[in-house]
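Below: one structure, written as structure tokens.
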Amino acid sequence: MRNYDSIRHVKGESYFIDDLRIPEGTLYGYVYYSPIAHGKILEIDFSKALQSKGVAGVYSAKDIPGENQIGGIILDENLFADEEVHFIGHPIAVVVADTYLHAKEASKKINAIYEKLKPVLDPREAAEKNLLIIPPRKFELGNVDKSWSECDYIVEGKTDSGGQEHLYLETQGALANITENGGIKISSATQGPTNVQRMISRVLGLPMSKIEVDVQRLGGGFGGKEDQATAWACMAALAAYKLKKPVKIVLNRQDDIRITGKRHPYSSDFKIGLSKEGKILAYEATFYQNAGAVADLSPAILDRTLFHATNSYFVPNVRATALSCKTNLVPFTAFRGFGGPQGIFVFESAIYKAAQVMNIEPAEIQKANLLIEGDEFSFGQKTYQCQAEKTFSQMESDFELEKIQQEINSFNDSNKLVKKGAAVIPICFGISFTTTFLNQASALVHIYTDGSINISTAAVEMGQGVNAKLKHIAAKTLNVDEARIKIESTNTSRVSNTSPTAASKGTDLNGFAVIAACNILIERLQKVAAAELGQDDFTKITFKNEKVFDEGEPTNLTFKDLVNKAYMKRISLTAQAFHSTPDINFDTKTNKGKPFAYHVYGAGIVEVTVDCLRGTYEVDAIKVIHDFGESFHKVIDQGQAEGGIVQGIGWMTSEELSWNSDGRLITDALSTYKVPDIHAMPKEMKIEFLKDSPNDFGPLRSKAVGEPPFLYGIGVYFALMNAMRAFNPNIEVKFDSPLTPEKVLLTLYGTDVGKGL
Ligand code: MTE
Ligand code: QUE
Ligand code: MOS
């Protein structure tokens with residue numbers, strides 16, 4: 001496999017924040033944060049820290065020249081806690097010194113006296129106390145209350161899904177420097193350079209034009225650097241501004257795990273009604289989102305839970321309610337899937353429980369209710385180019401679902417302590433920011449006189465391969481060699497007002513902008529060539545493989561000649577272009593509209609083996625038919641699918657965040673928080689590309705790929721349940737992820753675990 005950056009990465013030549021060549025005299029910041037989950041700061045004394053070795057300054061709320069406010073959607077987030085602290089890890093001050101260790105040492109000399117208040121940690125408790133970030137959100141279709149009487153089966157239940165640490169390889173960080181006009185230039189590990197620029201401008205009280213944010217690449221983001229890279233950048237900028245010196249802040253791993261946001265834990269209630277033929281007639285759900293201490297992106301994430309509340313199924317009567325519950329934990333944030341996985345886990349749990357009650361396979365219900373062309377989602381959008389049934393039936397036939405089931409049954413008949421299970425998981429994910437205004441991007445393309453090409457966009461490379469994809473799109477549009485093209489860093493002075501690279505929309509939005517910019521240049525070059533070749537109609541000029549064609553016939557002109565001729569004729573070789581996704585809208589009052597440009601579909605089978613003596617398990621296989629549209633970069637797309645799937649498996653199985661009753665994260669190291677390792681990899685991973693799925697709304701007819709494959713991991717939960725029920729059909733099926741080996745044992749043996757074994 002070749003990634004755009006792989007050679008540089010392997011040689012250690014890629015620049016992450018901690019690799020940037022630092023100016024002489026650079027100072028280091030260490031973040032001092034609240035040790036308690038909820039309380040008042042009665043007294044705080046920085047004097048000993050200020051006298052500590054190497055210290056240049058300590059900055060807190062009172063030192064902010066502008067506003068102490070970095071909230072994005074809601075203005076409820078202080079850069080530094082002022083009078084109250086709301087979670088363990090709530091930043092209070094930044095200590096700046098000549099070395100990182102000196103700054104850290106000094107932070108231990110800060111003396112603070114707190115009045116402790118009782119923390120709220122549970123989202124249902126928060127909801128009861130009316131501690132909500134925003135008023136409840138509700139999506140409705142049909143008439144749920146009237147439908148229950150028509151159902152032959154009504155099944156109710158409760159589900160819980162845990163949070164998830166992003167564990168990007170590169171921790172959060174930024175390097176700030178002052179500029180000659182009294183501004184700030186900053187390198188930040190952020191998915192949203194403009195967000196960083198806007199917040200620094202707010203905190204320092206400077207116009208955005210004086211703040212330049214540059215992003216070379218991220219060592220992974222996964223949503224964790226969409227909103228939450230901002231605070232550290234603002235602190236570095238503040239310290240640089242105060243001290244007139246460069247300041248670098250890079251969080252150490254343990255601080256990063258402790259004090260930055262993660263995927264939202266959810267607790268949910270469901271009620272599903274079906275006919276005896278297995279048709280889903282009604283669905284009602286209430287989602288309690290654990291938002292943490294401040295809003296961050298929680299409201300947008302809450303909405304995506306509702307957008308995906310019925311996964312890839314048509315349900316005529318739906319009422320889905322979602323509450324964003326304010327607790328004294330870290331502000332939970334974007335993570336691959338953006339609330340979608342949490343909603344889909346609840347619906348798949350409902351199907352599973354209904355199948356149990358009806359004594360049929362969940363796949364029967366799944367299959368009978370898949371979306372078809374023209375079906376309406378609860379938010380009013382209708383399916384178009386719907387691939388739900390096609391991916392499902394192809395999954396059944398290509399992977400021989402029935403045969404897999406038979407083999408598992410015969411294995412289970414002849415094995416007592418080791419059991420196998422399989423589960424089917426269809427997926428559906430809407431592509432676009434549901435906050436419609438964010439669906440915009442621009443590109444800046446320069447062609448130099450030697451024919452080399454330089455492209456700037458809003459896209460941030462974080463390992464997902466957006467740079468390789470943009471390079472391909474530009475080369476294809478200009479009909480030149482990819483070797484001519486360099487993708488530049490993401491920089492707010494070159495490309496303004498950028499949306500974060502998120503919602504899987506990086507390639508779609510920026511790719512279309514690149515195509516638009518390249519088309520401007522092509523037309524200019526066509527005109528130059530037409531004049532050169534005596535052709536009256538410039539549209540008769542075409543390009544192919546670096547050569548110029550006139551009415552389809554090759555000429556002596558090459559791309560490089562033409563570039564030179566354009567320059568000599570004083571024709572601009574730079575183009576800027578803008579793209580905004582057409583024909584999308586969403587009304588947050590009625591909760592109806594067409595928020596998505598299109599949907600990504602797929603269907604997978606998951607096979608697992610459970611050691612019912614030890615509670616351990618292995619994923620034997622994941623086989624999916626996935627809808628990539630017309631993929632133009634199969635290696636990247638396959639890598640995104642595999643990476644997403646494994647991250648999904650981790651969320652469903654081993655990654656367990658635990659807090660004690662004081663609100664302290666007790667799984668704050670890799671010894672206690674278990675991410676998938678090589679042993680957790682499915683023994684077999686088959687990613688089949690759905691054929692004949694051209695996408696009218698993606699660049700080169702492709703589809704976005706970043707987030708949707710994460711959803712296949714949800715199937716692992718139900719495959720494990722099936723294996724456990726093969727061991728003991730009477731176990732109590734709980735929908736409480738992650739399903740760690742400990743929970744497997746407790747489920748299999750109850751409180752008798754270990755007795756008599
Ligand atoms: N892949 C890698 N290697 N690293 C990442 O940080 N982030 C994911 C996904 N794939 C991520 C990744 C998330 S959360 C999103 S939204 C998309 O990539 C963002 O990139 P794209 O819009 O260019 O697909
Ligand atoms: C998916 C996303 C995002 C989203 C909506 C999606 C996302 C994001 C925002 C958002 C919303 C409102 C704001 C803002 C950001 O919405 O990543 O700054 O004011 O940041 O459906 O991934
Ligand atoms: Mo992805 S969670 O939209 O950064």
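One-based numbering, in listed order, for ligands and for the atoms of each. This chain uses plain numbering: 1 for the first residue, then up along the sequence.
A salt bridge does not link Arg336 to Glu707: none of the charged side-chain nitrogens sits closer than 4.0 Å to a carboxylate oxygen.
Using a 4.0 Å cut-off to heavy atoms of Glu226, the atoms of ligand 3 that qualify are 3 (O), 4 (O). Residue-ligand proximity, Ala502 to ligand 2, at heavy-atom distances under 4.0 Å covers atoms 17 (O). Short contacts between ligand 2 and Ala503, defined as distances under 4.0 Å to a heavy atom of the residue, involve ligand atoms 1 (C), 2 (C), 22 (O). Set against the non-hydrogen atoms of Gly223, the atoms of ligand 3 under 4.0 Å away are 2 (S), 4 (O).
Between Phe433 and Thr581, the closest side-chain pair of non-hydrogen atoms is not below 4.5 Å. With contacts defined as side-chain heavy-atom distances shorter than 4.5 Å, the pair Gln385/Asp696 qualifies. In this structure the side chain of Arg202 reaches within 4.5 angstrom of the side chain of Leu75, judged on heavy atoms.
Contacts between Ala300 and ligand 2 below 4.0 angstrom, taking non-hydrogen atoms only, involve the side chain exclusively.
The protein heavy atom nearest to atom 2 (S) of ligand 3 is Arg336 N, 3.2 Å. Atom 1 (Mo) of ligand 3 has as its closest protein heavy atom Glu707 OE2, 3.7 Å. For atom 4 (O) of ligand 3, the nearest protein heavy atom (residue, atom name, distance) is Gln191 NE2, 2.8 Å. Of the protein's heavy atoms, Glu226 OE2, 3.2 Å lies nearest to atom 8 (C) of ligand 2. What sits closest to atom 10 (C) of ligand 2 on the protein, heavy atoms only, is Leu438 CD1, 3.2 Å. In terms of protein heavy-atom proximity, atom 13 (C) of ligand 2 is nearest to Ile73 CG1, 3.5 Å.
For atom 18 (O) of ligand 2, no protein non-hydrogen atom is found at a distance below 4.0 Å.
Contact between Ser432 and ligand 2 is present, with at least one heavy atom of the residue lying under 4.0 Å from the ligand. Ligand 3 lies less than 4.0 angstrom from a heavy atom belonging to Ala503. Under a 4.0 angstrom heavy-atom cut-off, Lys505 registers as lying outside contact with ligand 3.
Nearest to atom 4 (C) of ligand 2 by heavy atom, out of Phe596, Phe338, Phe307, is Phe338. Heavy-atom proximity to atom 16 (O) of ligand 2, evaluated over Thr434, Thr435, Thr436, Asp303, is greatest for Thr435.
We find the CG-OH distance between Asn695 and Tyr384 to be 9.5 Å, quoted to the nearest 0.5 Å. In this structure, CD in Glu165 is found 7.0 Å from CG in Leu657, a value given to the nearest 0.5 Å.
For ligand 2, the polar-atom distance check against Arg304 finds a nitrogen or oxygen pair separated by under 3.5 Å. Where the criterion is an N or O separation shorter than 3.5 Å, residue side chain and backbone included, Ser504 fails it with respect to ligand 3.
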request  = Step by step, work out the ring-ring contact (aromatic ring centres under 6.0 Å, His included) result for His9 and Phe16.
outcome  = CA-CA 10 Å; His9 284 359; Phe16 299 89; 5.7 Å; yes
message = Evaluate Gln387 against Ser693 for side chain to side chain donor-acceptor pair (under 3.5 Å), listing each step before the verdict.
response = CA-CA 8 Å; Gln387 307 286 9; Ser693 179; 3.2 Å; yes
ask   = Stepwise, does the salt bridge (charged side-chain N to carboxylate O under 4.0 Å, His left out) test hold for Arg494 with Asp214?
value = CA-CA 10 Å; Arg494 265 181 273 117; Asp214 190 83; 3.7 Å; yes
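Pocket lining of ligand 1, defined as residues with a non-hydrogen atom under 4.0 Å away: Gly220, Gly221, Phe222, Gly223, Arg336, Met462, Gly463, Gln464, Val466, Ala502, Ala503, Ser504, Lys505, Gly506, Thr507, Gln640, Gly706, Glu707.
For the ring pair (Phe, Tyr, Trp, His ring centres under 6.0 Å) with His166, the qualifying choice from Phe222, Phe335, Tyr673 is Phe335, the only one to do so. Between Leu700 and the choices Glu630, Lys476, Lys469, the side-chain contact (heavy atoms from CB on, under 4.5 Å) rule is met once, by Lys476.
Using cut-offs of 30° and 60° for the angle between ring planes, the Tyr712 and His626 rings count as perpendicular. Between Phe596 and His599, the two ring planes are perpendicular [angle over 60°; tilted spans 30° to 60°].
With no hydrogens or angles considered, no side-chain donor-acceptor pair links Asp627 and Tyr598 at under 3.5 Å.
Geometrically, Lys225 engages Tyr168 in a cation-pi contact defined by less than 6.0 Å to the ring centre and at most 45° from the axis.
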